[in-house]
Amino acid sequence: MKLASKKCIPCSGGIPPMEKKEVDKYLNNLGNGWKVNAEEHLNKVYKFQNFIESMEFANKIAEISEKEDHHPDLHISWGSCKIEIWTHKINGLAKSDFYLAAKIEAISKV
């Protein structure tokens, strides 16, 4: 499954969040240190050499997020950028959350 090649689909609500079995399948496919936290949000921390690199990475994420119309929470600090993704309208995870995470993962390797 090529998650990064999938287009994020806007959620208008009214659907249930993904079930644990499906979340585990997508999380396994995503790999690379992504986790689901206690709030059932996807998250990962990327490490950098300084604050500028953290900001540059966050700005790349912002560009992708605007194109996909899907926006993660970012916490930028010296040497790190923490990403948290979930679909607010369903207060849980949807496939598009994994698509966005995969796109972020792809730019982390550039």
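Quick note: numbers below take in every heavy atom, side chains included, and nothing from hydrogens, waters or symmetry partners.
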Once salt bridge (Lys or Arg N to Asp or Glu O under 4.0 Å) is applied, what residue pairs with a partner in residues 33-51 remain, sequence neighbours excluded? K44-E105
Only counting residues at least two apart or in another chain, list the ones meeting side-chain hydrogen bond (donor to acceptor under 3.5 Å, both in side chains) with E66. H71
Listed by chain and number, what are the side-chain hydrogen bond (donor to acceptor under 3.5 Å, both in side chains) partners of D24, not counting sequence neighbours? K20
Hey, can you pull the donor-acceptor pairs under 3.5 Å for the side chains in residues 78-86, sequence neighbours left out?
residue, atom, partner, partner atom, Å
S80, OG, S77, OG, 2.8
E84, OE2, N37, ND2, 3.1
E84, OE2, H41, ND1, 2.6

Sequence-distant partners of D73, salt bridge (Lys or Arg N to Asp or Glu O under 4.0 Å), two or more places apart: none
So, using side-chain contact (heavy atoms from CB on, under 4.5 Å) as the criterion, who are the partners of T87 when residues are at least two apart? C11, H70, I90, A94, D97
Mind checking the CZ-CG spacing from F98 to L42? Nearest 0.5 Å is all I need. 4.5 Å
Here the gap from N32 atom CG to L27 atom CG, rounded to the nearest 0.5 Å, amounts to 10.5 Å
Considering residues at least two apart in sequence or located in another chain, which fulfil the side-chain contact (heavy atoms from CB on, under 4.5 Å) criterion with E22? M18, Y26, K95
Closest heavy-atom pair and its distance - I76, M55: CG2-SD, 3.6 Å
According to a 4.5 Å side-chain heavy-atom criterion applied to Ile, Leu, Val, Met, Phe, Trp and Tyr, with indirect links allowed, do F51 and V45 form part of one hydrophobic cluster? no
Rounded to the nearest 0.5 Å, the NZ atom of K67 sits from the CG atom of L100 at a distance of 12.5 Å
Sorted by chain and number, sequence neighbours left out, ring-ring contact (aromatic ring centres under 6.0 Å, His included) with F57 holds for Y46, F48
Distance check, rounded to the nearest 0.5 Å: L74 atom CG versus I61 atom CD1? 5.0 Å
